[in-house]
Amino acid sequence: MANFIPLSVPNFSGNEAKYVNEAVVSEWVSTGGSKVGEFEQAIADYVGMPRAVACNSGSSGLHLAAMMAGIQQGDEVIVPTLTFIAAVNPTTRYMKAEPVFIGCDDRLCLDPAAVEEFCSTKCELQGDKLIDKATGAHVRAMVVVHVFGNMADMPALLALAEKYHLVLIEDSTEALGTYYTDGPLKGKFAGTMGDVGVYSFNGNKIMTTGAGGMVVSNHPDWAEHAKHLSTQAKADELQFLHDEVGYNYRLTNLQAALGLAQIEQLEGFIAHKHMLWDLYKKALDGKNGYRILDFVEDGVRPNKWFFSLYLEDDRHDRDAIIDALKAEKIQVRPVWALIHEQADYPGSQAYGLEKALDYRARIVNLPCSTNLSVEDAQRVIDVLLKL
Ligand SMILES: *Cc1c(COP(=O)(O)O)cnc(C)c1O
């Protein structure tokens with residue numbers, strides 16, 4: 001009987017057990033201990049930032065980012081609709097702010113043309129504030145998600161953030177390792193170009209700490225403030241004085257131990273992703289009504305976290321394909337239901353949706369684990385070609 005092929009699972013083939021054991025033997029298993037700081041520095045060094053602040057999930061990192069951005073009750077925040085809900089809830093609802101949903105471009109990322117259209121036709125600049133003419137709300141920030149490890153169009157989005165005085169939050173939870181190899185942003189990693197960026201180390205991401213996240217910022221005081229808020233906003237450790245409402249968003253030493261072993265392997269993981277993606281691309285693109293969606297590779301090194309099979313031919317039924325693969329013990333999934341259609345966002349503003357609706361209807365994400373063998377990928381290909 002054939003083995004189960006999961007969509008995206010952890011790969012612990014390095015020093016994970018060794019470093020976790022060190023943490024256990026030292027009895028530093030909770031939020032104290034040296035490994036959290038070491039892991040913060042390792043991520044900071046990898047993405048070329050002076051400082052990174054660990055937290056216990058990408059979602060909590062995005063909540064910290066929203067607080068850093070100064071999002072206030074009643075503000076509006078430009079967010080993508082084709083994304084995971086944790087890009088939106090922490091940056092809008094947690095802050096009592098309203099989302100303005102925007103569709104995607106062919107990178108599956110926030111469409112700069114639709115953002116420009118919203119800002120220029122529905123809003124006006126009053127001093128340095130962008131005001132939504134219909135609601136009177138201050139449009140304060142924009143959340144950019146680097147979907148599946150593809151780099152969003154950062155030159156265009158950074159220019160829009162500057163033009164319209166928007167704080168730019170980069171949800172880089174899927175894109176650790178994606179960076180510009182050329183052009184005006186050469187050397188810049190996804191997550192490091194906006195005001196504040198967030199990574200995730202959830203179990204399905206390109207590297208994992210079980211659960212965890214990291215915040216980086218181009219404002220050194222924002223990073224320090226994020227640390228403060230993530231550690232219960234203690235102003236005086238001994239006297240338990242707290243100078244604002246903080247959170248327990250800390251990463252543990254045990255998780256940091258896993259992270260230190262994972263970051264050692266990250267470039268190898270990315271190389272394996274590239275190899276698998278090439279295999280799928282060669283075998284499936286243009287065959288049987290399929291396309292394998294490209295990553296931007298002109299001037300970008302993507303991490304290729306998730307692979308998208310696009311059902312070009314209308315005779316394909318997405319959910320029937322998912323079921324057929326499931327019957328062969330192969331786990332795949334559709335792209336997320338669009339956020340502007342979710343239960344908590346009725347009647348929200350939403351613009352430029354055409355491509356997001358199309359990709360939502362036609363994408364199936366294929367197995368892409370960093371320990372997926374060529375033989376198993378070939379089995380996925382064979383099943384797909386027979387459908
Ligand atoms: C995974 C993910 C998050 C949340 O990260 P967690 O660590 O799971 O909380 C946020 N946004 C996007 C786009 C994600 O894929």
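Residue numbers run from 1 in the order of the sequence given. Ligands are counted one by one from 1 in listed order, and the atoms in each one are counted from 1 as well.
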Note to self: Distance under 4.0 Å to a non-hydrogen atom of S200: what atoms of ligand 1 satisfy this?
What the structure shows: 5 (O), 6 (P), 7 (O)

Check: Got the closest protein heavy atom to atom 1 (C) of ligand 1, with its distance?
Finding: K205 NZ, 1.6 Å

Check: What protein heavy atom sits nearest atom 14 (C) of ligand 1, and how far off is it?
Finding: T173 OG1, 3.1 Å

Check: Which atoms from ligand 1 have a heavy atom of N202 less than 4.0 Å away?
Finding: 7 (O), 8 (O)

Check: Going by the atom numbers of ligand 1, which of them fall below 4.0 Å from some non-hydrogen atom of E174?
Finding: 12 (C), 13 (C), 14 (C), 15 (O)

Check: Does one side chain, of E98 or S348, offer a donor that lies under 3.5 Å from an acceptor on the other?
Finding: no

Next item on the list: Begin from the C-alpha positions of W336 and F148 and carry the test ring pair (Phe, Tyr, Trp, His ring centres under 6.0 Å) through to its verdict.
Entry: CA-CA 12 Å; W336 313 278; F148 300 156; 5.2 Å; yes

Check: Counting each atom of ligand 1 from 1 as listed, which ones have a heavy atom of S57 under 4.0 Å away?
Finding: 7 (O), 9 (O)

Next item on the list: Please report which non-hydrogen protein atom sits nearest to atom 9 (O) of ligand 1, along with the residue it belongs to and the distance in Å to one decimal place.
Entry: S59 OG, 2.6 Å

Next item on the list: Please confirm whether W305 comes within less than 3.5 Å of ligand 1 when only nitrogen or oxygen atoms on both sides are compared.
Entry: no

Margin query: Quick test of your reading: applying side-chain hydrogen bond (donor to acceptor under 3.5 Å, both in side chains), list the pairs with at least one residue in residues 24-37, sequence neighbours left out, ordered by first then second residue.
Written below: E22-K35, T31-R250, S34-E38

Margin query: Quick one about Y46 and E267 (side-chain donor to acceptor, distance below 3.5 Å, no hydrogens or angles considered), yes or no?
Written below: yes

Next item on the list: Report, in ascending order of atom number, the atoms of ligand 1 lying under 4.0 Å from any heavy atom of T83.
Entry: 13 (C)

Item checked: Ligand-side contact atoms (ligand 1) for residue partner V145, heavy atom cut-off under 4.0 Å -> 13 (C)

Check: For I292, does its backbone N or O pair with a side-chain atom of D285 as donor and acceptor, under 3.5 Å?
Finding: yes

Next item on the list: Please list, chain by chain and in numerical order, all residues satisfying salt bridge (charged side-chain N to carboxylate O under 4.0 Å, His left out) with E16, sequence neighbours excluded.
Entry: none

Check: Quick one: nearest non-hydrogen protein atom to atom 11 (N) of ligand 1, plus distance?
Finding: D171 OD2, 2.7 Å

Next item on the list: For atom 6 (P) of ligand 1, find the nearest protein heavy atom and state the residue, atom name and distance (0.1 Å precision).
Entry: G58 N, 3.4 Å

Margin query: Looking at D105 and K355, is any side-chain nitrogen of the basic one under 4.0 Å from a carboxylate oxygen of the acidic one?
Written below: no

Item checked: L62, portion touching ligand 1 at heavy-atom distance under 4.0 Å -> side chain

Margin query: To the closest 0.5 Å, what do you measure between NE2 (H146) and CE (M154)?
Written below: 5.0 Å

Next item on the list: Using distance alone, with no hydrogens and no angle criterion, decide if N371 and H272 have a side-chain donor and acceptor under 3.5 Å apart.
Entry: no

